[in-house]
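Heads up, the thing below is written out as structure tokens.
Labels below follow one simple rule: chain letters A, B, ... track the order of the sequence lines, proteins then strands, and each chain is numbered from 1. Keep in mind that the numbers below use all heavy atoms, side chains included, and drop hydrogens, waters and symmetry copies.
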Amino acid sequence: MKSSHTVLLDNGLKHPASGTRRATLTWLILLGLTTLSFRLSTAVSGSVLMFTVLGLTLIKGHLVTNEFMGLRHVRWVWRLVMAIYLLSVGSIIAFAYLSA
Amino acid sequence: MNYQSQRVAKPYFIAALGLFVGQIVFGLIAGLQYLNGTFLFPALPFDVVHMSHTNLLIVWLLMAFMGAAYFIVPEEAQTELYSPKLALITFWVFLAAGAVTILSYLFVPYTQLAAMTGNAVLPTMGRGYLEQPLPIKVGIVLVALSLLFNVTMTLIKGRKTSINIILVGSLWGLALLFLPAFYFPQDTVKASFGWWWVVHGWVEGDWELILGALLGFILIKMTGVDREIIEKWIYIIIAMTLISGLVGIGHHYYYTGAPAYWIWLGSIFSALEPIPFMLLIAFSFKTLLQRRREHPNKAAMLWAMGTPIMAFLGAGLWGFMITLAPVQYYIHGTQFTAAHGHLAFFGAYAMIALAIISYAMPLLRGRTANSMVAQRWEMTGFWFMTLSMIGITLALTGAGIVTLFLQRAAEDPMGFMQVQDKARVFFWIREFFGVSFFTGLLIYLRSFFFAGEYEYANEMKQALSK
Amino acid sequence: MQQVFTKAMARNIFLGGAGFFLIIYLLLAYDSFQQIPIRDHAVNLTPSVLRGKYLFDTNDCIGCHTVNGEGAYYAPELGNVYKRRGPEFIKAWIHAQPSGAPGRRQMPNFHFNADQLNDITAYLQWLSNIDTNKWPPNIEG
Amino acid sequence: MTPHINSDTDATQDLPGDLAIWIFIFAELVVFGIFFAAYAFARSTHVTLFNASQLTLNRDNGFANTLILVTSSYFVVRANQAIKAGHNKVCGHWLSGALGLGGGFLLLKLAEFHQDFVHGINLSTNLFYMFYLSLTFFHFMHVIMGMVILAVVAYKAYTGHYSAEHHTGVETGGSYWHMVDLVWIILFALVYVIH
């Protein structure tokens, strides 16, 4: 376990600024996407709205898990598990809305 | 056995097995009354047989759990029991209370029993599993307090392992969850809502914690796997039990007059209830594969490994089958529930009780393990009882399916008694497997009457000569 | 990984999870108790209904029957029996037991007088008006 | 202790923080996932009711709360980076900031609950409100739980319990908080936006 901490430490020390910049960028994108979803809710409706907002939400979810939760750095299995989760929740919702 | 005071567990285990026999006898009578309604009527109406069957089940399981507590707590705490004498007195009080209860069911009409025991002052009688007269209920609380005092004092003065903390903690839970038995409001819907605090709280909550502690103890002792790993698993398993089970109680509230939101909340959370049982199977077999020694008590190992599998089938699978609201709409209050109840009670609780008895009884009789002959009888009993219980479950499920198609989901529904007639063949199959279960029980009991213990050298010689 | 995933952490998850869901359940139970008297029109729990309920409990009716699906499965559902059979049939039926028909399931005679029969029927009527989310699926229960 | 040099190509590490919290996180995600699916399917049979009731929600409030949670998540990331650089105090400050934002979320949500209460809306009003109230309340409880965890972590950061080498606690608490954020992002889209 110690070694993994060292890796993160090395990484952080090598490019202290780039990690921060990347996180800030992610944060700004998340804010932007949230605003976009919010604006869309009054602009469009129906399945167009559903698919766009759902798509935006999945992108946001991917950003949070990959960048914020740090899954970018871990074994691919965990990323796969999370991706499957997001995709299945998304597709179940889409399916339910279309079947209405 | 490392501590003299663990001996008090012995009478508890013997009495538990005796009461178990009684439970099965009443089960056989009840099963016959399904086939011949005038059998033993009016001497023994069905409701009396039924409540004797279920109450004996509860009492013998509690007997076994208490015996297990008196056996495990000193061993884990590495100290003598606080008061072996109190434990022995408690045993006789509990046994007498149990016997008086069953005898009063059999020989006093229920109404008269209620009138004699002050039910009018504080009504508590007339609910499933909680049929006992008021003084008996008070007695149960006193017995529980005595047990709790004894094991808690032992725990305080001794080593505090996680197994012990979980076991003693869940015994406290068991006693606390019995208190709603005294809450019987006049509003029937509220009464049913609160009745589940006892029944669901025990069977789908607290008892699963006891099950986890007992199984953990047996596996630590028999496999030699590191205690830290086993206790960690037990914590995760019982965490999942309560995370799913607390709101999962909602699956009892769908159609009894409780608010409609329970249909969704109960379905969502009770759908998760099989998870702890899956984890239990994964954990047990992982532990078995990592075992560091071959324990000579093969029979106890068989019970211990059978428990998670049968618990998963009965509580997990059969429970899941009837738990979702749209399904339950059609099979609520049918033999489906009885099927689930039989397999779950046997697979989870009867089997863990028999597992701890199988592990502890040879030690209490001064042997590491029973002779191979005795173990063979015991394991034959295991297979007889387990397979018979699966047979009973399938038969009752069959009867449930008949009700589903002819009465509940039918275009032109038939009346209750007509449908019961159509399901007769399944009640015959149930009774057949009931008799075979009883045979298995007798075979199991026979195993206790072999002298001598497991002799390693002897067994090896025999094995080699073959 | 094994060292990181400690027993203490597992215990905290157990305690945290159990406490968390206990709070959720208690809040829901509180809300349910606010709704139940409306759903089962508790205002109609007249003395006669309550006397009937006491007779119902102290004669262990759910030892054979079910009420809203709870009880034993030996005899018919009673939650909606008032709507299925009506008051007169119920009183006559209880009075005429046991049928004594050979092999048929028997119901004991409870020796109720006329007032007690009225009370029991009043209780069964009250039961039949509980909002059970449209259960049972049909009148046969 | 073999130092891996290039961590961008080294994707074989274990999950950040304590594995137990990840088991918990995945369990929670499954519960919320089932909840979301149940909502979506319940809606498909009551479209008009859901659409009408959805209009009564305070969408601005939901929007503001999403921004708040996303920002607090970002603060937690900064706290993580601070502790990895060995700055205990800075880490504590970022965490306090995240806690403050969490408090803001709770206040806004409470105002929403209060409005519902004033209008006599409860779990039994209709199917939509049943879902809306239980989903958001369930999440609300998770925010509180996450804040308790963050508060402990912040306290430990201020008192110097962590270092550049040992900071599993910060990662563990942070992971849980991100999960709370993630769930809200889906919840906001599902309950407030899509109709």
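- Of the listed residues (B/Arg127, B/Gln328, B/Met414), the greatest number of heavy-atom pairs within a distance under 4.5 Å of chain C belongs to B/Met414.
- The backbone N or O of B/Tyr235 lies less than 3.5 Å from no partner atom in the side chain of C/Arg11, so there is not a single donor-acceptor pair.
- Other residues, nucleotides and ligands place no more than 12 heavy atoms under 6.0 Å from the CG atom of B/Asp412.
- Across B/Leu209, B/Ile234, B/Ile237, a single residue satisfies side-chain contact (heavy atoms from CB on, under 4.5 Å) together with C/Phe14, and that is B/Leu209.
- B/Trp197 is listed as a side-chain neighbour of C/Tyr25, based on a closest heavy-atom distance under 4.5 Å.
- For C/Asp60, the parts sitting under 4.5 Å from any heavy atom of chain B are the backbone and the side chain alike.
- Put simply, of C/Ala75, C/Gly69, C/Pro137, C/Gly16, the one with the most heavy-atom pairs under 4.5 Å next to chain B is C/Pro137.
- For C/Ile139, no part sits under 4.5 Å from any heavy atom of chain B, backbone or side chain.
- Counting heavy-atom pairs closer than 4.5 Å to chain B, the top residue among C/Gln34, C/Gln106, C/Lys134, C/Gln35 is C/Gln106.
- With a 4.5 angstrom heavy-atom cutoff, C/Ala8 does not touch chain B via any of its atoms.
- Interface remark: C/Asp31 contributes backbone and side-chain atoms alike to the contact with chain B (heavy atom separation under 4.5 Å).
- In the model, C/Glu70 has no side-chain atom that pairs as donor or acceptor with a side-chain atom of B/Thr256 under 3.5 Å.
- The part of B/Phe427 that comes within reach of chain C is its side chain, from C-beta onward, which places non-hydrogen atoms under 4.5 angstrom from that chain.
- Only the backbone of B/Leu35 comes within less than 4.5 Å of a heavy atom of chain C; no side-chain atom from C-beta onward does.
- Using a 4.5 Å cut-off between heavy atoms, C/Asn133 touches chain B through backbone and side chain atoms alike.
- Ring-plane geometry between C/Tyr74 and B/Tyr34 is classed as perpendicular, the angle between the planes exceeding 60 degrees on a 0 to 90 degree scale with a lower cut at 30.
- With a 4.5 angstrom heavy-atom cutoff, B/Ile263 touches chain C only via side-chain atoms.
- In this structure, the portions of C/Leu22 lying under 4.5 Å from any heavy atom of chain B include both its backbone and its side chain.
- One finds the NZ atom of C/Lys53 at 8.5 Å from the CG atom of B/Asp187 (value rounded to the nearest 0.5 Å).
- Heavy atoms closer than 4.5 Å to chain C are found in both the backbone and the side chain of B/Ala120.
- Nearest heavy atom pair, residue C/Pro98 against residue B/Phe41, reads CB-CE2, 3.7 Å.
- Sparse packing is recorded around NZ of B/Lys422, with 12 or fewer heavy atoms of other residues, nucleotides or ligands lying under 6.0 Å away.
- For OH of B/Tyr129, the number of neighbouring non-hydrogen atoms (other residues, nucleotides, ligands) closer than 6.0 Å is 12 at most.
- Between chain B and the options C/Asn12, C/Ile130, C/Ile36, heavy-atom pairs under 4.5 Å are most frequent for C/Ile36.
- Here the shortest heavy-atom pairing between B/Gly128 and C/Ile62 reads N-CD1, 3.4 Å.
- C/Phe20 does not touch chain B: none of its heavy atoms, backbone or side chain, sits under 4.5 Å away.
- Here the straight-line distance linking atom OH of C/Tyr73 with atom CZ of B/Phe336 works out to 12.5 Å at 0.5 Å rounding.
- Ranked by non-hydrogen atom pairs under 4.5 Å with chain C, the options B/Thr241, B/Leu246, B/Thr54, B/Leu113 are led by B/Leu246.
- Comparing C/Pro136, C/Gly100, C/Pro76 by how many heavy-atom pairs each has under 4.5 Å with chain B, the most go to C/Pro76.
- Contact of B/Leu406 with chain C is not made at all, since no heavy-atom distance falls under 4.5 Å.
- Contact count against chain C (heavy-atom pairs under 4.5 Å) is highest for B/Thr334 among B/Leu265, B/Thr334, B/Val247.
- C/Leu28 touches chain B through backbone and side chain together, each having a heavy atom under 4.5 Å away.
- Using the six-membered ring where Trp is involved, B/Tyr255 and C/Trp135 have ring planes that are parallel, under 30° apart on the 30 and 60° scheme.
- Counting heavy atoms of neighbouring residues, nucleotides and ligands inside a 6.0 Å radius, atom NE2 of C/His41 exceeds 12 of them.
- Considering all non-hydrogen atoms of both residues, B/Trp262 and C/Ala29 come closest at CZ2-N, 4.5 Å.
- Checking side-chain atoms of C/Tyr54 against main-chain N and O of B/Pro123 turns up no donor-acceptor pair under 3.5 Å.
- Contact annotation for B/Pro185: only backbone heavy atoms (N, CA, C, O) come within less than 4.5 Å of a heavy atom of chain C.
- In terms of heavy-atom pairs under 4.5 Å with chain C, the best-connected choice from B/Pro259, B/Ala409, B/Gly205 is B/Pro259.
- Atom CD of C/Glu140 sits about 6.5 Å away from atom CD of B/Gln407, to the nearest 0.5 Å.
- Both the backbone and the side chain of C/Arg104 come within contact range of chain B, each with at least one heavy atom under 4.5 Å from a heavy atom of that chain.
- A donor-acceptor contact shorter than 3.5 Å is absent between the side chain of C/Thr132 and the backbone of B/Gly257.
- The aromatic rings of C/Phe33 and B/Phe193 lie perpendicular to each other, with more than 60° between the two planes, well past the 30° mark.
- Side-chain contact between C/Ser32 and B/Tyr261 is present, with heavy atoms from C-beta onward closer than 4.5 Å.
- Using a 3.5 Å distance cut-off with no hydrogens or angles, the side chains of C/Trp126 and B/Thr188 do not pair a donor with an acceptor.
- With chain C as partner, the option from B/His252, B/Met51, B/Glu231 having the largest number of non-hydrogen pairs under 4.5 angstrom is B/Glu231.
- How far OG1 of C/Thr58 is from CE of B/Met125: 8.0 Å, rounded to the nearest 0.5 Å.
- Residues C/Phe21 and B/Ile243 share a closest heavy-atom pair of CE1-CG2, 3.4 Å.
- Interface remark: of the candidates B/Asn36, B/Val419, B/Ile249, B/Thr111, B/Thr111 forms the most heavy-atom pairs closer than 4.5 Å to chain C.
- Between chain B and the options C/Val67, C/Thr66, C/Asp40, C/Asp131, the largest number of non-hydrogen pairs under 4.5 Å is found for C/Asp40.
- A distance of 11.0 Å separates CG of C/Asp57 from CD of B/Glu131, quoted to the nearest 0.5 Å.
- Put simply, the side chain of B/His332 gets close to the backbone of C/Asn68: a donor and an acceptor are under 3.5 Å apart.
- Around atom CZ of B/Phe39, more than 12 heavy atoms belonging to other residues, nucleotides or ligands sit under 6.0 Å away.
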